[in-house]
Amino acid sequence: MGDPPGKFDFAIDRGGTFTDVFARLPDGRERVLKLLSRDPQNYKDAPTEGIRRVLEEETGQPFPREQPVETSLIGWIRMGTTVATNALLEREGERTALLVTKGFKDLLHIGTQARPKLFDLEVSVPDVLYEEVIEVDERIILRQDGCQLPRKDPKRSTGDSLEVWKELDLAQVEKDLRGVLSRGITSLAVLLLHSYTWSDHEKAVGALARSLGFTQVSLSSEVMPMVRAVPRGYTVCADAYLTPKIHQYLKGFTSGFKGGLKDVDVLFMQSDGGLTPMEHFCGSRAILSGPAGGVVGYAITSYSQMENKPVIGFDMGGTSTDVSRYAGHYEHVFEASTAGVTLQAPQLDINTVAAGGGSRLFFRSGMFVVGPESAGAHPGPACYRKGGPLTVTDANLALGRLLPSFFPKIFGPGENEPLSMEETMKHFNYLTEEINLFFNGKANMSVEEVAMGFIRVANEAMCRPIRALTQAKGHDTSQHVLACFGGAGGQHACAIARALGMKTVFIHKYSGVLSAYGLALADVVEEVQEPCSLKYAQHCFSELDRRVEQLSKRCHDTLCARGFSSSQITTEVFLHLRYEGTDCALMITAAGHPSSSQSCRAGDFHSAFTERYLKEFGFTILDRPIVVDDIRVRGCGKSGIKSVYKTKLGSHQMTKCYFEDGYLDTSVYLWEELPCGHSIQGPAIIIDKNSTILVEPCCEARLTEGGDVCLTVGSDPHCALGTELNTVQLSIFSHRFMSIAEQMGRVLQRTSISTNIKERLDFSCAVFGPDGGLVSNAPHIPVHLGAMQETVQYQIKSLGSKLREGDVILSNHPCAGGSHLPDLTVITPVFRKGVSGAVFFVASRGHHADIGGITPGSMPPHSTSLQQEGAVFMSFKIVTRGVFQEEAVTEALMAPAKYPDCSGTRNLHDNLSDLRAQVAANQRGSQLVGELIESYGLDVVQAYMGYIQSNAELAVRDMLRDFARCRRQQTGLLEVESEDFMDDGTPIRLRVQINEEQGSAVFDFTGTGTEVLGNCNAPRAITLSALIYCLRCMVGQDIPLNQGCLAPIKVIIPPGSILQPSQNAAVVGGNVLTSQRVVDVIFRAFEMCAASQGCMNNISFGSEKIGYYETVAGGAGAGPSWNGRSGVHSHMTNTRITDPEILEKRYPVILEQFSLRPGSGGKGKYCGGDGVIRKLLFRNKVVLSVLTERRSTCPYGLQGGEDGAAGLNLLHRADGRLLNLGAKTSVSLEPGDMFCLYTPGGGGFGREDDTNSKPQKRRRLNETFLERGSVFEYRMAQEGV
């Protein structure tokens, strides 16, 4: 595909606010242009207008706006666009219907069942994209060896063997489709279970729908043939919903040109970083069309210039900040969420981590806070003159880092005024006064110190996800180059690079329009993929080779048909590989691993997989077969351009700019006037039309031969920090302590081996002060909040002076701060030379799949003593003087076998591996806090541990004062009380007495029922975790979750009660059931919301060969201004549920139904959410265990709202009998038995006849910035535990 000589080529990025145009002119010169994406008074379409302006200005010929643009001078057009993203955000796609397998009409409403924001009582989840659902009575299941149900005729596809259980009834489908068409819906998404591997039913439906007149038919088997019905369903819905909008936009775009661009090569950027012809551009591949160009741009321009050092891309614009990584190849993810929709498609791993220059600035409870709320494009920052709030942009302006004279006059109501320094300073003066008043004269900060403080906090907030992105895959952050682009990034580049230990920042000459420039550099890409169920082994290589060759030929032929010669085409093969029995699949290329006699022809994928697995996770699993889940081939047609740079030398001027040392004389240069090779010492500002670069003191900028800026980052002159409170450092230390806990978690996840810790991420890591008080904890798993603090403080009391350097303690006993026995806590005291006693502690708590006891999984529904629940550790030294005590810990893990009907651990190898991983995570935490102490000194670090705890205390005291004031005005009383009951009638009672003046409270559980013979006893630590969770929800904003939260609270729990049982009481149900009732009682006392389902619905089944455990969603309670969400987890759990196709692929079960339970939510002014119905048909003999609550008591309604429906556990025997299993049982099942779970609904709020307004549906989803990418997905997965 050669470029026609003497023509204009255009690469255009149409963003949400601005459209960037890069043009290559016939004589080889280059032009860039930036214009508003929407300016209806002047033009219909920004890309068309950009092309028209360049042609008119460069040729001198008129190109009238009202006439179609002449195309004879245009060579090619390449575009990236946010059209699809905006349609998703605004929910303004095409009216769509979903056609799905019967029993699963609510599958995409329920999704993973996890709520997006852990502490928001109003569970706000974006609406599904379809308007109507058609259920199709058809069913495909996978054949299983050993299945004891009657067999059907087998079908084969992609390595899987299948059975058609229910044939497709096309006559009924036609009737249903005609009904949908009659209501004006012409876009259809089709999702049939297991269609990824056998698509005949979907294809038949598709053909029928097209013949009936549907204009858009998207089949999940064509859009993305990968296993997992939920993300595939979201993806096919997005395709059906967005593709018509894209076609509509393309039709409008092409109509602006003569002949509709028929003879012009028009390509669009896809989410995977490759270009595709306009006619193949579709909704499911378009979401990252805009930012993908920027990744391609920095990858191609910076990696080779920086001697192939890995690069972090840092794209900071006005409304969002994107971070990505490039080290010689693009890093893709195959599942990511955007605007609440999980898309299963190849997409660049672009992490949206903050709200950019528009991040709002707040001062809350003594702490500087930046974002996540954004000022957006309208009204924008305060300096935009439209009544907007203070933002990061304003802080840079106040410090002299932005110069209004270099900005166009496009601000104010008439969009004809300059940036307003006056408006910015007015807002900062108010905020500075508020901050100084708060500290009662103890702090006297200037406006500049306040603005500088917010910049430093913003920088630290952006550093955290960059560390997470690199360290997640075993990379050292400091060994990267920072490639900075976007309009706002240059002001922060030096500071962020320095904070991350990076020495070099690269800023391309087109950094302000790099997404457009990247389009000009990109390749045309064709990708094909198909599922596979083969082992990566010698006997399968011939079949793998055949299928790889087939897919490669398809890619090659498609690119040839698009005008590329064979010499311009390359193909790369990827295999989606995982160890058998694990869920952790990696998309592997064999680059650098040539084929051998022991591999398939495409390369040595075994070596490539084990090398990457070792890099990311710290180990490999010897002698474990490797499974190929998918085969993917990526074909590239090479078509990039090269760039030329010419400059002239110009003069510079001076300004004053504020830094740590106050105002400094700062040189100001125009980028276009700087000669190649020129060096500039900081402080300096380099300005071009689209961006501003701040060269900080101790940094140097150099112009490369290509005209790009390369910054060398010097070390920060050490600034001594005292132990007195510095409010800016308080925010920064808060981020640093959280980052330490997060990095500990990454080490634990990488080096652990079990599914529970490595894949389900069921763990927490934490840092504690010398008194054992919690400082920071990540992730925020509700049942772990505050509980580990009790464990650490118990060890300090118990062992105290007996602790030595090199000792590590293992504990899980409920009386020692444990939650339930499978949660093993590993604690490392850290010592400092010359200091007696531990200076701080680090700890990690992980859920082990089995530690012995009477049932596999150590979660027995009918245990009556602690010994029946597994191995017990009170204060066990798992490491003594640096030596891991393997023999002793093995003996302790096998000890439960001494008790009647009990076994020792059934998975010793995983236990030992995970315990070693926990020790390693603690070691990393110890090292990181040690580095912090080296930088600031022990006294300073310990002082700030205390200050951060005090900050959380302050936020809770403020909340209690506010509640007390309202309560006193309404009732005259400062005491509230409530009670609720367990299913066995045990009461949980609470009286709260609030001291308004002090902002303190006594939570008194006196009157709560006695310890029970079963296992619903909850250790004290569980009640404290529930209390911290409730306090955080009631505070309603981000606060550090640490010891300080409980400082204003006195908790009274009667010994011997269900909330503080005796030493040997069974407790496994207390962790997963009673914790929910404690939350219900607290929220009832404060009248925050009606009760949610109040249960985790713990279901497990197993045999000698397999074991499976899940918790199941229900209804969320309604509140004073919201309806409860249906089919979602609430409060003390947020576990994701296994996808239906994975469940049926790996376990002897058929999921007959998974849908909402209509009418189970309580009625009211605001209605409670509905529970769910889940029906499991068993194919083999198994033992089913059920551990549930709210089967006889109902989730309460509040203020006249009705109660939610209680849950129900039914068993349909194969012989026709129907049995009620009750709330807690264990039962042997035969093939053909079906378990039917009906989960509770949420309570209603307010009387139904109250005529006050119902909650308004929010139209736009990005009131804060929309976080996305692998770092976000990891955190969501952690909080989904």
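Positions are given from 1, in the same order as the sequence printed here. From a predicted model like this one, the values you see are computed outputs, not experimental measurements.
- Annotation: the span from Glu460 atom CD to Ile496 atom CD1 amounts to 9.5 Å, rounded to 0.5 Å.
- Interatomic distance, Phe411 CZ to Asn416 CG, rounded to the nearest 0.5 Å: 11.5 Å.
- Aromatic rings of Phe733 and Tyr936 (six-membered ring for Trp) have centroids within the 6.0 Å cut-off, being under it.
- Taking the charged nitrogens against the carboxylate oxygens, Glu423 and Lys426 do have a contact shorter than 4.0 Å, which makes a salt bridge.
- Ion pair Glu373/Arg360 not flagged as a salt bridge, since none of the NZ, NE, NH1 or NH2 atoms sits closer than 4.0 Å to an Asp/Glu carboxylate oxygen.
- A distance of 11.5 Å separates CG in Asn444 from CD1 in Ile435, rounded to the nearest 0.5 Å.
- Taking a 6.0 Å sphere around OH of Tyr430, one finds it holds 12 or fewer heavy atoms contributed by other residues, nucleotides or ligands.
- Between Arg325 and Asp349 there is no side-chain heavy-atom pair separated by less than 4.5 Å.
- Look at Arg24 and Glu58 and you find no salt bridge, because none of the NZ, NE, NH1 or NH2 atoms lies under 4.0 Å from a carboxylate O.
- Within the model, atoms OG1 of Thr19 and CG of Asp13 stand 7.5 Å from one another, a figure rounded to the nearest 0.5 Å.
- Phe363 is not listed as a side-chain neighbour of Val450, based on a closest heavy-atom distance of 4.5 Å or more.
- Distance alone, capped at 3.5 Å, is enough to place a donor-acceptor pair between the Thr393 side chain and the Gly357 backbone.
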Determine whether Tyr330 and Val295 satisfy the following criterion, side-chain contact (heavy atoms from CB on, under 4.5 Å), listing intermediate values before the conclusion. CA-CA 9 Å; Tyr330 295 113; Val295 176; 4.2 Å; yes
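- Side chains of Val392 and His492 form a contact here, defined as non-hydrogen atoms less than 4.5 Å apart.
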Please step through side-chain contact (heavy atoms from CB on, under 4.5 Å) for the pair Val505 and Ile693, ending with a clear verdict. CA-CA 11 Å; Val505 177; Ile693 300 170; over 6 Å; no
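- Remark: the Ser739 side chain and the Gln743 side chain contain an N/O donor-acceptor pair separated by less than 3.5 Å.
- Side-chain contact between Val668 and Phe406 is present, with at least one heavy-atom pair separated by less than 4.5 Å.
- In the model, Asp688 has a side-chain atom that pairs as donor or acceptor with a side-chain atom of Ser691 under 3.5 Å.
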Chi angles and distances behind the side-chain contact (heavy atoms from CB on, under 4.5 Å) call for Phe485, Ser302: CA-CA 11 Å; Phe485 56 107; Ser302 61; over 6 Å; no
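- One distance of note links NZ of Lys503 with OG of Ser478; it measures 8.0 Å at 0.5 Å rounding.
- The only member of Leu519, Asp20, Ile51 that meets side chain to side chain contact (heavy atoms under 4.5 Å, CB included) when paired with Ile12 is Ile51.
- Scanning all heavy atoms of the two residues, the minimum distance from Val481 to Lys309 falls at CG2-CB, 4.0 Å.
- Put simply, the side chain of Arg31 never gets that close to the backbone of Ala23: no donor and acceptor are under 3.5 Å apart.
- Summarising the geometry of Thr477 relative to Arg467, their closest heavy-atom pair is OG1-CA, 3.9 Å, with the distance given to 0.1 Å.
- Contact of the Cys657 side chain with the Leu694 side chain is registered, since non-hydrogen atoms from C-beta on lie closer than 4.5 Å.
- With a 4.5 Å cut-off on side-chain heavy atoms, Phe8 and Leu25 count as touching.
- The two atoms that bring Tyr298 and Ser324 nearest to each other are OH-OG, 2.9 Å, heavy atoms only.
- Considering all non-hydrogen atoms of both residues, Ala701 and Val695 come closest at CB-CG2, 3.9 Å.
- Counting only N and O atoms by type, the side chains of Glu30 and Tyr510 include a donor and acceptor under 3.5 Å apart.
- Taking the six-membered ring where tryptophan is involved, the planes of Tyr944 and Tyr947 are perpendicular, since the angle between them exceeds 60° and thus also 30°.
- Side chains of Arg498 and Cys699 form a contact here, defined as non-hydrogen atoms less than 4.5 Å apart.
- Looking at heavy atoms from C-beta onward, Arg385 lies in side-chain contact with Pro418 at the 4.5 angstrom threshold.
- Here the closest heavy-atom approach between residue Ile680 and residue Ala684 is recorded as CG2-CB, 3.5 Å.
- Between the side chains of Thr301 and Tyr517, no donor-acceptor pair is found at a separation under 3.5 Å.
- Panel note: side chain Arg401, backbone Tyr658; a donor-acceptor pair is recorded below 3.5 Å.
- Of all heavy-atom pairs spanning Met79 and Ser289, the tightest one is O-OG, 4.3 Å.
- If you check the side chains of Asn429 and Thr432, you find no donor sitting under 3.5 Å from an acceptor.
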Applying side-chain contact (heavy atoms from CB on, under 4.5 Å) to Leu399 and Glu448, what does each step give before you reach the verdict? CA-CA 6 Å; Leu399 297 173; Glu448 290 83 1; 4.3 Å; yes
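- Using modelled atom types, one finds no donor on one side chain facing an acceptor on the other under 3.5 Å when comparing Thr655 with Thr666.
- Distance alone, capped at 3.5 Å, places no donor-acceptor pair between the Thr82 side chain and the Thr85 backbone.
- The backbone N or O of Thr391 lies less than 3.5 Å from a partner atom in the side chain of Asp394, making a donor-acceptor pair.
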